[in-house]
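This report concerns only the one structure given below.
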Amino acid sequence: MSRRYDPHAIEPKWQDAWERDSLYSVTEDATKPTYYLLEMFPYPSGDIHMGHVRNYTIGDVVARHLTMRGHQVLHPIGWDAFGLPAENAAIKSNTHPAEWTYANIETQKASFKRMGFSYDWDRTVVTCDEGYYRWGQWIFLKFWERGLVERKSSPVNWCPSCKTVLANEQVLGDGVCWRCKSAVEKRELEQWYFKITEYADELLNDLETLPGWPERVKAMQANWIGRSEGAEVDFTLCDADGEPTDTTITVFTTRPDTLFGCTFFLLAPEHPLVGELVYGTEYAAPVLKVVEAAAKETAVERAMGEREKRGAFTGRYVVNPVNGEKVPVWVADYVLMEYGTGAVMAVPCGDQRDFEFARTYGLPIPPVVLPEDDPALETLREVRDRQFDNVTWECAYDGPGIMVQSGAFTGMPTGKGGAGVQAVTRWLEDRGTGRFSINFRLRDWLISRQRYWGNPIPAVHCPACGLVPVPETELPVRLPRSVDITKGETLADHPEFYTTTCPSCSGPARRETDTMDTFTCSSWYYLRYCDARNDEAIWEFEKAAYWMPVDQYIGGIEHAILHLLYSRFFTKVFRDMGLVTFGEPFTNLLTQGMVKKDGEVMSKSKGNVVAPEDMIAEFGADALRAYVLFMAPPDKDLEWSYDGLEGMFRWLGRVWRLVAEVGKETAGGCGIAASGDPATKNLRRETHRVIGKVSDDIGRFQLNTSIAAMMELTNAAYDYRKAVRDGARDLALTREVAETLTLLLAPYVPHMAEELWSEVLGHQGSVHRQAWPAYDASAAAAEEVEMAVQVNGKVRGRITVAADLAEEAIMAAAFTAVASHLEGKEVVKAVVVAGKLVSVVVK
RNA sequence: GCCCGGGUGGCGGAACAGGCAGACGCGCCGGUCUCAAAAACCGGUGGCCGCAAGGCCGUGCGGGUUCGAUUCCCGCCCCGGGCACCA
């Protein structure tokens, strides 16, 4: 054993030993409580960065801790290995995406082992392995059987840089691609969809069943799903002469109570009726100008939010079902085809956008809802028919109020979800011209991608039979290796791939050449870990039932919607298929903060990257692990500091020397000791206080304070050595403290703890197979406590009293301690807070 | 505009349930050892006043509740993130 702490000597040694002994492989064991701890699996980008180090270290500490606590802990890892970066890298370096990907996986795997992570390597999944992606295709077929797959044409997001379409979730708020950040364009294309909207209600409602998720993430998902209650209202379209036709146009509104204030009607520029309405009329030119301007607009421009509204009159009218009034139909660029029906009833007095539009184009703004304190209410309260056509307001009013100029509903209180809303909806339902309705912002998930390095969609286009699923028995549809991505080829360039016969009629047919969104691969990997090597089924029901749901999931906030929403959707479908019995995959979620340098995220372009490898080379993996945990609570961002890492290494050196000295001291046995002196008592108490603190803190993910507590125990042990000279020490206690500290440290600095346990303290068997130190509350309890004495809120003295002293006696001692401050004053009140302080109020 | 976070020493951060603000670490200052340095160790370290004992101020700002507020309530300011022409 070397005298100094030398991580470079001990870390690789133990990493090899753990691998040799398969120390972290687990199987189902009905006698133990289970715990499934999962960190989001990485994309194999090559080198690991500090974000990985932090994410996986947090998980590793918790996994190791729970194992020592007697749990059967599933702690797997794998690679989210399909995706565009592999294609881009392949083009750059003239290799094949597969080669690049598998080489990177090896590099990353080596880095993870070098960090000492306790993964069950036998369960590794790699999503681009045939044995994995075939089950992804199987899922696609099962979804299809259940009516959850659809191929349809609609306006979609197109990333010109990635040369593929994107799902709505994959376009960031400012209208750019989530991966490459280039501006996304709109294109009308036929694509494959998963009908996630069928689960919209459940995805929203079940958020309430997830108390272990951060509020922030739940709020973001709820926001994204965007449920609105309201009504559908049918407006009858008039012909060119203004006579009603058989055609109705339906709108969705959250405020049917304001229908009487509808003075114009709007269609989205992309609305299919627009061309037909203006064809061959004098209105065609100005309307088409608006349509074309909107079409040219990029998603970035659209995402800018409220801008100048543009529109044009179509020359046509619709009939308002509540009052039979004919209102003009306009095309307006602020109406979205993607939301609701692409048509809107405009109520300028109650909607700010309609208000601005009306002011721009000189359309009337009659008031239909007035706030209780509006002076105009007096004259309008009883007025059923429209008398006032134009408010003088500066902006629309959408708050609660009284309905006016609203026929039979006049005088009724109303507002969002108010009585008026319900009354008008019922009225419409009775006449068949409207109905209660719920609308979601969430759109179906566009899953097809026009790229090579992904999971092929198992479908065939047959000229006779249409779209035909590939039979289950023919899975997998293999992704051919021969595609030359460096020439920009995709599956659509490979006749040997797409030429096929129809599974239904055996006639010539064309295989689908799109691949699936990589988010489909990551939506079920956590289930596959439960039975990763199964070739007969996606997983064995009992094995998934044994481990799932994931007890603790750890990953980045960037997946607050994307991966986490998709996975929840998949799990609900699996439940409906009978593959699992639960509807939520992740019971608890921790979103870890970013690692920053100089206040900014580490990135190559900013040139502020700190390479984990360099830090390991200098201080070892253990110091790096402990450091990233110590510098901030896991969910907060942390600011990297080299000096801080050095300080961590220093502390580990101190622990090393302490345990080494104790090891030497107690090598020949602990003999008799049992001194009852205060220093010894104090150290014993401190030891148990720290056991309690570290145990609690891990449970709360306060890993930074748990390390601080271990530092305090180290300091206390050194204080004891200073206070009690060689030969006089309680060796049994000294040994107990050293062993306790080693056990507490084991999850954090697994190599050092292993070396101390076996080589320095001379135990048999891995420290990681030992039981977590037992916390003894009575041992941690102090016999005497120091209490502060406050006079009028200021600390004026201190008393040290027996912990169980009666309140009157404490009070008496306190009065004595602050006698000078009480002189000549009258005590008005005195409060004793056990173990903390005495508060005296004087006059 | 709406919804979440957050604002505490020179820095990262503590304070679990309203109870002594600043744990722990970094940095800095002083010291021991050394020819010197590194390492290690010892002591100090919120601000102001004071030789000292001690006193006053102090958790973004302004109020409030309370014996007592970083913590609870009301009203603001600033920073970060998410969503946003969603009818």
Exercise. Contact class for A:V344 (heavy atom, under 4.0 Å): base, sugar-phosphate, or nothing?
Worked result: base

Problem set entry | Distance, P atom - from B:rA17 to B:rA52, rounded to whole angstrom | 40 Å

Problem set entry | C1' spacing across the pair B:rG22 / B:rG12, given as an integer number of angstrom | 13 Å

Problem set entry | Separation between the P atoms of B:rG1 and B:rC24, rounded to whole Å | 44 Å

For this session: Quick one: label A:P214 by what it contacts on the DNA or RNA (base, sugar-phosphate, nothing), any heavy atom closer than 4.0 Å.
Result: nothing

Problem set entry | N-glycosidic conformation, B:rG43 - syn within 90 degrees of 0, else anti | anti

Exercise. Will you find, in the side chains of A:W330 and A:T314, an N or O donor that is under 3.5 Å from an N or O acceptor?
Worked result: no

Exercise. What interatomic distance, in whole Å, is found between P of B:rC74 and the corresponding atom of B:rC86?
Worked result: 29 Å

Problem set entry | A:D351 or A:D696, whichever maps to the more 5' nucleotide of RNA chain B | A:D696

For this session: Please figure out whether A:D354 or A:N223 has its closest RNA chain B nucleotide nearer the 5' end.
Result: A:N223

Exercise. Side-chain N or O of A:R796 less than 4.0 angstrom from OP1 or OP2 on B:rG55?
Worked result: yes

Exercise. Are any non-hydrogen side-chain atoms of A:I365 and A:T263 less than 4.5 angstrom apart?
Worked result: no

For this session: For the residue pair A:R654 and A:N715, confirm or rule out a side-chain donor-acceptor distance under 3.5 Å.
Result: yes

Exercise. Think A:K794 has a side-chain N or O under 4.0 angstrom from the OP1 or OP2 of B:rA21?
Worked result: no

Problem set entry | Span that lies between the C1' atom of B:rU8 and that of B:rG58, in whole angstrom | 10 Å

Problem set entry | Distance-only polar pair, side chains of A:T705 and A:D697, donor-acceptor under 3.5 Å | yes

Exercise. Can you tell which of B:rG25, B:rA87, B:rG19 lies closest to the side chain of A:N715?
Worked result: B:rG25

For this session: Would you indicate what A:G340 reaches in the nucleic acid, counting non-hydrogen atoms under 4.0 angstrom: base, sugar-phosphate, or nothing?
Result: nothing

Problem set entry | Donor-acceptor side-chain pairing of A:Y566 and A:E169 below 3.5 angstrom | yes

For this session: With the side chain of A:T253 defined as its heavy atoms from C-beta on, choose the nearest nucleotide among B:rA87, B:rC20, B:rG25.
Result: B:rA87

For this session: Pick base, sugar-phosphate or nothing for A:E215, based on heavy-atom distances below 4.0 Å to the nucleic acid.
Result: nothing

For this session: Could you check how far CG of A:L638 sits from P of B:rG25, rounded to whole Å?
Result: 18 Å

For this session: For A:N704, report the nucleic acid contact type (base, sugar-phosphate, nothing); a contact means any heavy atom under 4.0 Å.
Result: sugar-phosphate

For this session: May I ask you to say what A:R441 touches in the nucleic acid, namely base, sugar-phosphate or nothing, with a heavy-atom cut-off under 4.0 Å?
Result: base

